[in-house]
Amino acid sequence: MRTISIVNLKGGVGKTVTAVNLAAILATEYAQRVLLIDADHQGNTSKFYRIPAEPGSLADLFEGTVMCYTDIVQPTIYRGLDVIPADMSLAALELDGQLPEDVHGGLPRDRALRALTDLRDAVIEDDAYDFIVIDCPPAFSIASISAIAASTDIVIPLMPGQFEIDGMAELIQQIDGVRRTNPAVRIAGILCTMTYRDEMVDEVIRWLRKHSPVPVFDTQIRWSKPMGRAVMAHEPVCEWSPTSGAARDYRAWVREYLGGVLDGEKA
Ligand SMILES: Nc1ncnc2c1ncn2[C@@H]1O[C@H](COP(=O)(O)OP(=O)(O)OP(=O)(O)O)[C@@H](O)[C@H]1O
Ligand SMILES: [Mg+2]
C-alpha cells in the first residue's frame, strides 16, 4: 500500500487540487480503494467532497478522543473513495500544542506525531485500502509532520516562478526535514502546477530540472479554466470536464507516477 503526502510549505500551489484529483482518478479510473485524509485545518479537501467534520475529524484522532480510524472515515459519492475530514479544530490543536493527558502513558505530542503512522499500520492490517492520499497544510505543523512520518511517497506541487527559485533553499530544507522524520520516505517528485505558455515558466522548469536535488515529473499540470469551475462544482476535473487540459494532465501524471503499479506491480 502506498501512502502519498502532498506537501509544500508554500500556500496556493495546488496541493489540495492535486490530492482530490489524484484520489478521484485512482478510485474511478483504476478501481483502487482510496482513503483521502484532510490534514489541513482549512478543510478544503473536506469541503470539496462535502464531508462534514461530524461525527469526527482528524483532530479527534490526534487528541485520542477516537481510537480507531474507522470511526471518522466517511464515504464520498465515488465508489472506492473515502475521506477523513478536518476542520479548524486541527488548528486549535496546533496552536496551543495542548493535548489531553495520554491515558496510555506516552507523551501526548509524540502520540499525535505518530497518529497517522498508527492509522496506516491499522489500514494495512485490515487490508482496507490500496492507497492513502494526504492533503497537507502549507506549514510544518503536527499534522504535516505526522503525515510525512507515515508516508512512503512525497509529492511536491510547485508553481514555477521567481519565488520558487528563491525558495529552493527552503524547499531543500523541507526535503531534509522529511528525510529526518522518516528515512524510508521517497520523494516521488516535484509536480509543476498551473503552468502556462511563457518563456519565464519554461526557464524556471529547465532550471528546476537541472538544479533540483529531487526528481521533477515530466508531466506538468497546466493552468486550465475548467479547473476553477470544477472546484466550484465540487467535482474532480476528470468528471467535470474530462477533455480539459487539466483533466488530461492529471491523468497523464497519474500514469507517469504510477506506471510500474499500473503495469501490474502491487501497490
Ligand atoms: N491546474 C489549475 N488550473 C486552474 N486553477 C487551478 C489549477 N490548480 C489549482 N488551481 C486553483 O488554484 C487555487 C489554489 O489551489 P489549491 O487550493 O489546490 O492550493 P493549495 O496548495 O492546496 O493551497 P493551500 O496551501 O492554501 O492549502 C485554487 O483556487 C484552485 O482552484
Ligand atoms: Mg490546500
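Ligands are counted one by one from 1 in listed order, and the atoms in each one are counted from 1 as well. None of the values given here were measured: they were computed from a predicted structure.
Residue Ile221 has at least one heavy-atom neighbour below 4.0 Å for each of these atoms of ligand 1: 1 (N). Each of the following atoms of ligand 1 lies closer than 4.0 Å to a heavy atom of Gln42: 24 (P), 26 (O), 27 (O). The ligand atoms of ligand 1 that sit less than 4.0 angstrom from a heavy atom of Val13 are 19 (O), 20 (P), 21 (O). Less than 4.0 angstrom separates some heavy atom of Arg222 from each of these atoms of ligand 1: 1 (N), 2 (C), 3 (N). For ligand 1, the atoms closer than 4.0 angstrom to any heavy atom of Asp40 are 27 (O). Less than 4.0 angstrom separates some heavy atom of Pro138 from each of these atoms of ligand 1: 25 (O). The contact set between ligand 1 and Val231, taken as ligand atoms under 4.0 Å from a residue heavy atom, comprises 31 (O).
The nearest protein atom to atom 5 (N) of ligand 1, hydrogens excluded, is given as Trp223 NE1, 3.7 Å; this is a heavy-atom distance. The protein heavy-atom contact nearest to atom 24 (P) of ligand 1 is Gly12 N, 3.5 Å. Taking atom 25 (O) of ligand 1 as the reference point, the nearest protein heavy-atom neighbour is Lys15 NZ, 2.7 Å. Here the heavy atom of the protein found nearest to atom 11 (C) of ligand 1 is Met194 SD, 4.2 Å.
The distance from atom CD of Glu63 to atom CG of Leu90, rounded to the nearest 0.5 Å, is 9.0 Å. With values rounded to the nearest 0.5 angstrom, Ile51 atom CD1 is found 12.5 Å from Ser57 atom OG.
Tyr250 and Thr219 are not linked by any side-chain donor-acceptor pair at a separation below 3.5 angstrom, with hydrogens and angles left out of the test. In summary, the side chains of Asp82 and Tyr129 do present a donor paired with an acceptor at a separation below 3.5 Å, with no hydrogens or angles considered. When only modelled atom types and interatomic distance are considered, Asp38 and Thr45 share no side-chain donor-acceptor pair under 3.5 Å.
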_side-chain contact (heavy atoms from CB on, under 4.5 Å) for Ile156 and Phe217? Distances and angles first, verdict last._
CA-CA 10 Å; Ile156 302 170; Phe217 288 108; over 6 Å; no
*Stepwise side chain to side chain donor-acceptor pair (under 3.5 Å) test for Tyr69 and Asp126*: CA-CA 11 Å; Tyr69 73 93; Asp126 295 348; 2.7 Å; yes
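Inside a 4.0 Å radius of atom 13 (C) of ligand 1 there is not any protein heavy atom. Under the 4.0 Å distance rule, the nearest protein heavy atom to atom 8 (N) of ligand 1 falls inside the cut-off. Of the protein's heavy atoms, none falls inside 4.0 Å of atom 28 (C) of ligand 1.
Nearest approach of Ser244 to Val237, heavy atoms of both residues: OG-CG2, 3.6 Å.
The 12-atom threshold is exceeded at CZ of Arg209, counting heavy atoms of other residues, nucleotides or ligands nearer than 6.0 Å.
Closer than 2.8 Å to the Mg ion (ligand 2) sit the protein N, O or S atoms Thr16 OG1.
Annotation: salt bridge (Lys or Arg N to Asp or Glu O under 4.0 Å) contacts of Arg186 (sequence neighbours excluded): Asp153.
Where the criterion is an N or O separation shorter than 3.5 Å, residue side chain and backbone included, Thr16 meets it with respect to ligand 1. Geometrically, ligand 1 and Asn44 share no nitrogen or oxygen pair separated by less than 3.5 Å. Taking only nitrogen or oxygen atoms, main chain and side chain alike, Val17 reaches within less than 3.5 Å of ligand 1.
Cation-pi geometry between Arg2 and Tyr257 is met: under 6.0 angstrom from the ring centre, within 45 degrees of the axis.
Note: His234 and Phe48 have tilted aromatic rings, judged against thresholds of 30 and 60 degrees for the angle between ring planes.
Closest to atom 15 (O) of ligand 1 by heavy atom, among Gly11, Gly14, Gly43, is Gly14. Looking at Ser224, Ala247, Ala246 and measuring to atom 3 (N) of ligand 1, the nearest heavy atom belongs to Ser224.
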